[in-house]
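Structure first, then comments.
Both counts, for ligands and for their atoms, begin at 1 and track the order of listing.
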Amino acid sequence: MPGLLLDPETVGGIPIIDFEGFGDGTTERAIEIGNSFYEACRDVGFAYLVNTGIPQDSVDEMFAWSARFFALPIEVKQKIPHPPSGQEHRGYSGIGVEQVSQMVFDKAELDAIRLKAPDFKESFDSGNDGAHVPVHNLWLPDEDLPGFRAYCTSFFSECRGIQMKVLNALALGMPEVAPDFFESFHQEADNQLRLLHYPSAPTDVFKTGSKGRIGAHTDFSTCTLLFQDSCGGLEVEDPHHPGVFLPAPPIPGAIVFNVGDFLMRWSNDTLKSTLHRVRAPPPRPTDNGMTRERFSIPYFISADVDSRIEALPGTFGPDRPRKYESITAGDYVNMRLNATY
Ligand SMILES: O=C(O)CCC(=O)C(=O)O
Ligand SMILES: [Fe+2]
């Protein structure tokens, strides 16, 4: 993308970490990657990861399945509604989407939608089908979208492979953390694959400024791998200027990585879980008063529910007390999920 790369190693202040040559994580080059990745997590909380080894075709295919899923009639998607309980982060959520997709242009109606639905998005969540988690996937009957379940399941596994590489790189870069430390806390893949669709909507819908596609938030698990399409609109808080958000534009082939609140707590606040949000992308003359639709795919990585964490080695000492009690990953995530739904 010409013009975007002002500094070859960052975009909008977000470091680009090149995993080329990471190998099995034992080479000099792997240590270098680990060091710059650790610095990115400490100083920014976000990084673009390139050459991670995930085939671009797999990512493109996941986006194609996502588009097919969201194009299904609302009655079909509503066969698998997201349960009201925060613990069960599975199935379809279509908050406010029905109204928006019907192309409402009346101002009073738009205002009513804004009040009702702060975020104009629909989503589908799936996770590990393993028996150890008390949460079950909600799949459509296969005849409604043959192949969808199989592909989500296979993409979930591909992301898991990348997850291990990424966690190992971070451990390598952290001063007193053993290389396989994080891996040993992430054996069960208690992760969540979310397909997100921000429908096209009249540009007016986004004009008030206070509401958008996703309001400013931090993610609450260990970390997130985010795949975004070419639309744009993701913004990340500038670590040096609280309240100022900088665009994190899509870079073809890159995964956006961010630290979550759980890892921030685990690191005694050494690593940053940074606020981010999604706004309407800058309008183009060809948009005709409509904001383009956007698809994104976050993969939320969580530690094994029963694992108990306390401040990571090297993040506390005589001059730097531990700030948090020890907690299990399950208790932490449930506490946070219950506050969201
Ligand atoms: O859609 C995006 O780019 C970001 C999504 C996100 O931040 C989230 O789901 O937590
Ligand atoms: Fe997020």
Side-chain angles (χ1 to χ4, degrees), residues 11-12 14 41 44-49 59 62-63 65-67 69-70 82 86 89-97 100 117-127 152 155-156 159 163 166 191-201 206 211-239 245-265 271-282 291-302 332-333 336-337 339-341:
V11 167
I14 300 177
C41 293
V44 185
F46 266 78
Y48 286 103
L49 313 184
V59 178
M62 191 68 256
F63 274 104
W65 278 110
S66 175
F69 173 82
F70 289 115
H82 187 298
H89 230 0
R90 297 290 186 267
Y92 173 71
S93 310
I95 310 152
V97 167
V100 175
D119 293 341
F120 291 131
K121 65 178 196 305
E122 53 180 344
S123 57
F124 173 74
D125 289 299
S126 63
C152 288
F155 190 72
F156 184 94
C159 289
Q163 161 202 331
V166 164
N191 301 334
Q192 185 186 325
L193 175 67
R194 169 175 290 176
L195 308 180
L196 266 169
H197 176 221
Y198 305 89
S200 175
F206 301 102
K211 286 165 186 154
R213 290 189 143 168
I214 282 197
H217 68 281
T218 52
D219 295 349
F220 48 71
S221 50
T222 303
C223 55
T224 307
L225 303 176
L226 172 76
F227 303 89
Q228 47 173 339
D229 70 6
S230 61
C231 180
L234 176 67
E235 297 182 352
V236 175
E237 189 175 41
D238 181 339
F245 284 79
L246 301 172
I251 300 180
I255 303 175
V256 176
F257 170 92
N258 64 280
V259 171
D261 298 343
F262 182 76
L263 182 53
M264 181 163 168
R265 173 182 173 132
L271 307 177
K272 302 279 177 301
S273 176
T274 301
L275 276 172
H276 53 284
R277 68 186 185 191
V278 179
R279 287 286 173 99
T291 295
R292 311 192 283 290
E293 71 177 338
R294 175 172 186 267
F295 293 87
S296 69
I297 305 175
Y299 181 77
F300 300 105
I301 296 167
S302 296
Y332 182 79
V333 170
R336 298 298 305 273
L337 283 175
T340 314
Y341 257 76

**Request:** Over 60° means perpendicular and under 30° means parallel, so classify the ring planes of Phe46 and His276, tilted if in between.
**Result:** perpendicular
**Asked** Side chain of Asp229, backbone of Phe295: donor and acceptor closer than 3.5 Å?
**Response** yes
**Message:** Looking only at N, O or S atoms in Asp219, which is nearest to the Fe ion (ligand 2)?
**Reply:** OD1
**Asked** Within a strict 4.5 Å, meaning less than it, do heavy atoms of the Asp261 and Tyr332 side chains meet?
**Response** yes
**Side chains of Leu49 and Leu225 in contact at under 4.5 Å (non-hydrogen atoms)** = yes
**Partner of Val256 by side chain to side chain contact (heavy atoms under 4.5 Å, CB included), out of Val236, Ile14, Leu234** = Leu234
**Close residues, ligand 1: non-hydrogen atom nearer than 4.0 Å** = Arg194, Leu196, Tyr198, Ile214, His217, Asp219, Leu226, Leu234, His276, Val278, Arg294, Ser296, Pro298, Phe300
**ring pair (Phe, Tyr, Trp, His ring centres under 6.0 Å), paired with Phe227, selected from Tyr48, Phe155, Tyr299, Phe257** = Phe155
